[in-house]
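Scroll down for the structure; my scribbles are underneath it.
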Amino acid sequence: MSFYKLEHGSYYLYTSPDSRVPKYMTDAVSICFDTESFALLKHGSYKDVFSWWDESRRKSPDLFRSVQVMTLPRGFSVTEVNKALDTAGYIQVLLKKIGVATPEFGKAGI
């Protein structure tokens with residue numbers, strides 16, 4: 001079970017509760033998700049997430065038609081980020097909390 005800790009103003013990803021060394025650090029967490037199911041597909045630094053999304057979209061454009069990348073505001077609640085990792089569909093709740101989701105969101109994308 002991966003989770004983030006907010007330390008010194010940056011997000012550190014740990015791969016288990018026993019980990020003492022983080023897998024990586026980023027100043028802002030980016031998420032890649034499906035805008036219809038709100039399934040979280042990828043998370044991490046913008047560079048890594050965008051690169052994965054771009055490559056996946058080129059390989060399977062129809063499959064990734066409703067998939068978006070978004071960077072969460074710097075300093076965003078680490079508790080909310082971790083809920084998005086652990087809870088299916090929580091992306092929809094998270095988006096509403098930051099004022100992004102609209103009734104048409106699932107159909108129109110961001």
Side-chain angles (χ1 to χ4, degrees):
M1 174 178 105
S2 296
F3 63 94
Y4 286 96
K5 283 186 180 179
L6 190 57
E7 300 173 352
H8 313 291
S10 297
Y11 297 89
Y12 290 79
L13 181 71
Y14 292 86
T15 55
S16 76
D18 300 330
S19 297
R20 291 184 173 202
V21 179
K23 183 175 179 181
Y24 68 83
M25 180 275 295
T26 184
D27 289 332
V29 176
S30 291
I31 55 174
C32 181
F33 60 96
D34 186 291
T35 60
E36 293 174 358
S37 68
F38 296 100
L40 177 65
L41 304 173
K42 184 92 172 151
H43 62 89
S45 70
Y46 177 78
K47 179 182 172 187
D48 292 343
V49 172
F50 184 82
S51 176
W52 178 86
W53 172 77
D54 192 43
E55 183 179 330
S56 299
R57 187 178 52 141
R58 277 185 274 143
K59 289 179 181 176
S60 306
D62 289 339
L63 205 69
F64 278 76
R65 188 174 330 151
S66 63
V67 175
Q68 296 288 326
V69 174
M70 178 181 172
T71 300
L72 299 172
R74 190 163 184 194
F76 190 72
S77 166
V78 72
T79 302
E80 293 296 317
V81 174
N82 287 329
K83 283 181 185 177
L85 270 57
D86 293 338
T87 308
Y90 194 77
I91 294 295
Q92 186 173 18
V93 174
L94 188 141
L95 293 172
K96 287 179 183 177
K97 287 186 177 194
I98 59 175
V100 173
T102 67
E104 301 82 30
F105 184 83
K107 296 176 188 166
I110 292 180

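Note that the structure is a prediction, hence the values are computed from the model and not measured.
The aromatic rings of Phe38 and Phe33 lie parallel to each other, their planes meeting at an angle below 30°, with 60° marking the opposite boundary. The aromatic rings of Tyr14 and Phe3 lie parallel to each other, with less than 30° between the two planes, well short of the 60° mark.
Of the charged side-chain nitrogens involved, at least one lies within less than 4.0 Å of a carboxylate oxygen, so that Lys83 and Glu80 count as a salt-bridged pair.
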> So Met1 and Asp86, side chain to side chain contact (heavy atoms under 4.5 Å, CB included) or not? Walk me through it.
Replying inline: CA-CA 8 Å; Met1 174 178 105; Asp86 293 338; 4.0 Å; yes
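Between Ile98 and Met70 there is a side-chain heavy-atom pair separated by less than 4.5 Å. Side-chain contact between Asp27 and Arg74 is present, with at least one heavy-atom pair separated by less than 4.5 Å. A 4.5 Å side-chain heavy-atom check between Trp53 and Leu41 finds every atom pair outside the cut-off.
Here the closest non-hydrogen pair linking Leu94 and Ala84 is CD1-CB, 3.9 Å. Nearest heavy atom pair, residue Tyr12 against residue Glu7, reads CE1-O, 3.2 Å. When all heavy atoms of Cys32 and Trp52 are compared, the pair lying nearest together is SG-CZ3, 3.6 Å. Heavy-atom minimum distance, Phe64 versus Ser56: CZ-CB, 3.3 Å. Scanning both residues, Ile91 and Leu40, for their nearest heavy atoms gives CD1-CD1, 4.0 Å.
Between the side chain of Thr26 and the main chain of Ala28, a donor-acceptor pair closer than 3.5 Å is present. Using modelled atom types, one side-chain atom of Thr35 and one backbone atom of Ser66 make a donor-acceptor pair closer than 3.5 Å.
Follow the hydrophobic side-chain contacts under 4.5 Å out from Phe50 and you reach Leu63 in the same cluster. Taken together through direct or relayed side-chain contacts under 4.5 Å among Ile, Leu, Val, Met, Phe, Trp and Tyr, Met25 and Phe76 form parts of separate hydrophobic clusters. The cluster map of Ile, Leu, Val, Met, Phe, Trp and Tyr, joined by side-chain heavy atoms under 4.5 Å apart, puts Val93 and Leu95 in the same cluster. One hydrophobic cluster, built from ILVMFWY side chains closer than 4.5 Å, holds both Leu72 and Val100.
Rounding to the nearest 0.5 angstrom, the gap separating the OH atom in Tyr90 from the CG atom in Asn82 is 10.5 Å. For the atom pair OH (Tyr11) and OH (Tyr24), the distance works out to 12.0 Å, reported to the nearest 0.5 Å. The line from CG of Asp34 to CD of Gln68 is 9.5 Å long, rounded to the nearest 0.5 Å. Distance check, rounded to the nearest 0.5 Å: OG of Ser60 to CD of Glu55 gives 10.5 Å.
Taking Asp48 as the reference, nothing meets the salt bridge (charged side-chain N to carboxylate O under 4.0 Å, His left out) condition, with sequence neighbours excluded.
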